[in-house]
Amino acid sequence: MSTKIAVIGGTGMNSWPGLDVLARIDADTAYGKPSAPLLRGRVYGVEAIFLARHGEGHKLPPHAINYRANLKALAEAGVQRVIAIAAVGAIAPWFAPGEVAVPDDLIDHTWGREHSYSDGRPGSALAHVEFTHPYTPALREALLAAATVAGVQAGAQGVMAVTQGPRLETPAEIRALQREGSDMVGMTGMPEAALARELGLDYACLAVSVNWAAGLSPAGAGIHDEIHASIEAGMAKVRAILERALPN
Ligand code: HPA
């Protein structure tokens, strides 16, 4: 049986304790090795693959992740649907730390990352993939329906700004992202989403607000303190949503 669904876990979900691992796949692709072995196993009655985006031990910074190898390895393992878990900073007032949302659009501020399979190599085709809906609408709807069944309130849309990191932003940068219409900010959403699209994979994101973005904390709290205080509550909501979403 080939595995059709994968979860890419990031900060706060670097492993998946609920997954009964059946195989560790040491994948190697034409673009190199993924961040970690693909863990194929069973969870919530279905087969799924887990990939630790930042590698085993959470060592890879966002700009050093081999996103092309990650997505290619999943595709070569038979995956058709990818659910990306991303811890993000909140810009919109509705997205307090500990809340989850399913973004519907993004703005890419990353640079210098290997961001396309359409790279001019011999054999690669020039493809301008459509990105009007950067997150697969049907998969987004499935996640939102699962959240409803799980009794988890999830933001039904949102614009994700993706910054280069690994440093956090300045308050002026966050005000600029706010003006351009971003509701949340993370460091790994791109090129991940675009590469999934280039490969024809369904891709959607469960974003977990873990802090107010720089300069926005009403309590003036330190970002790392906020992350520490909120991340587990948010990840518990993610697990509850996955438990309902995966079997469907
Ligand atoms: N900015 C960028 N990425 C993040 C943040 C943030 O405030 N919090 C978690 N990931």
Side-chain angles (χ1 to χ4, degrees), residues 8-12 14 29-36 51-55 58-75 82 84-92 95 101 103-121 124-136 158-199 201 203-205 207-216 223-224 227:
I8 303 181
T11 303
N14 208 51
T29 77
Y31 301 91
K33 286 176 173 291
S35 299
L51 174 59
R53 185 188 283 118
H54 295 277
H58 199 269
K59 295 200 181 98
L60 287 172
H63 62 284
I65 291 168
N66 188 340
Y67 297 93
R68 293 199 301 183
N70 283 358
L71 276 297
K72 191 73 175 174
L74 293 177
V82 177
I85 315 300
V88 299
I91 297 176
F95 201 25
D104 66 329
D105 209 342
L106 62 81
I107 302 177
D108 185 9
H109 289 280
T110 65
W111 48 272
R113 301 182 181 188
E114 294 285 5
H115 65 284
S116 177
Y117 299 108
S118 187
D119 61 359
R121 281 195 204 195
S124 79
L126 171 55
H128 298 290
V129 290
E130 184 164 344
F131 217 34
T132 309
H133 300 289
Y135 301 101
T136 306
V159 177
M160 159 103 72
V162 190
T163 54
Q164 179 72 351
R167 68 162 175 85
L168 292 155
E169 297 74 32
T170 66
E173 286 171 336
I174 293 300
R175 289 196 298 275
L177 297 180
Q178 204 167 30
R179 282 194 297 274
E180 75 181 13
S182 297
D183 297 303
M184 62 194 82
V185 54
M187 299 177 189
T188 56
M190 284 292 284
E192 203 173 85
L195 292 166
R197 178 60 48 83
E198 286 190 359
L199 291 172
L201 305 179
Y203 180 95
C205 175
V208 182
S209 169
V210 294
N211 59 278
W212 292 110
L216 297 183
I223 287 180
H224 291 290
I227 294 176

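Each residue takes its place number in the sequence, starting with 1. Just so we're clear, the structure is a prediction, and the values are computed from it rather than from any experiment. Basis for what follows: all heavy atoms, side chains included, without hydrogens, waters or symmetry-related copies.
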With rounding to the nearest 0.5 Å, note down the distance linking [atom1] in [X] to [atom2] in [Y].
X: Leu60; Y: Arg53; atom1: CG; atom2: CZ; result: 11.5 Å
X: Thr11; Y: Ile85; atom1: OG1; atom2: CD1; result: 12.0 Å
X: Asp108; Y: Met190; atom1: CG; atom2: CE; result: 4.0 Å

Compare every heavy atom of [Y] with every heavy atom of [X], then report the nearest pair and how far apart it is.
X: Ala193; Y: Leu106; value: CB-CD2, 4.0 Å
X: Gly189; Y: Tyr203; value: O-OH, 4.3 Å
X: Tyr135; Y: Cys205; value: CE2-CB, 3.7 Å
X: Ile65; Y: Ser35; value: CG2-OG, 3.8 Å
X: Gly158; Y: Asp183; value: CA-OD2, 3.3 Å
X: Leu195; Y: Arg68; value: CD1-N, 3.6 Å

Ile223 and its side chain to side chain contact (heavy atoms under 4.5 Å, CB included) partner, picked from Leu216, Leu168, Val210: Leu168

Just by distance, do the side chain of [X] and the backbone of [Y] share a donor-acceptor pair under 3.5 Å?
X: Glu169; Y: Ile174; answer: no
X: Asp119; Y: Ser124; answer: no
X: Asn14; Y: Gly55; answer: yes

Close side-chain approach of Leu74 and Ile8, heavy atoms under 4.5 Å: yes

Just checking Lys33: does its NZ atom have more than 12 heavy atoms from other residues, nucleotides or ligands closer to it than 6.0 angstrom? yes

Check whether more than 12 heavy atoms from other residues, nucleotides or ligands sit under 6.0 Å from atom NE2 of His115, and answer yes or no. no

Run the side chain to side chain contact (heavy atoms under 4.5 Å, CB included) test against Pro62 and tell me which residues pass, sequence neighbours left out. His54, Tyr67, Arg113, Pro166, Met187, Thr188

With sequence neighbours excluded, residues passing side chain to side chain contact (heavy atoms under 4.5 Å, CB included) with Ser182: Ile91, Ile107, Val159, Ala161, Leu177, Glu180

How about Thr110 and His63: does a side-chain donor come under 3.5 Å of a side-chain acceptor? no

Are Ser116 and Glu198 close enough that a side-chain donor and a side-chain acceptor fall under 3.5 Å? yes

With sequence neighbours excluded, residues passing ring-ring contact (aromatic ring centres under 6.0 Å, His included) with Tyr117: Tyr31

Apply side chain to side chain contact (heavy atoms under 4.5 Å, CB included) to residues Asn66 and Glu114 and explain how you reach the verdict. CA-CA 8 Å; Asn66 188 340; Glu114 294 285 5; 5.8 Å; no

List the steps and the verdict of side chain to side chain contact (heavy atoms under 4.5 Å, CB included) for Arg197 and Thr136. CA-CA 9 Å; Arg197 178 60 48 83; Thr136 306; 4.1 Å; yes

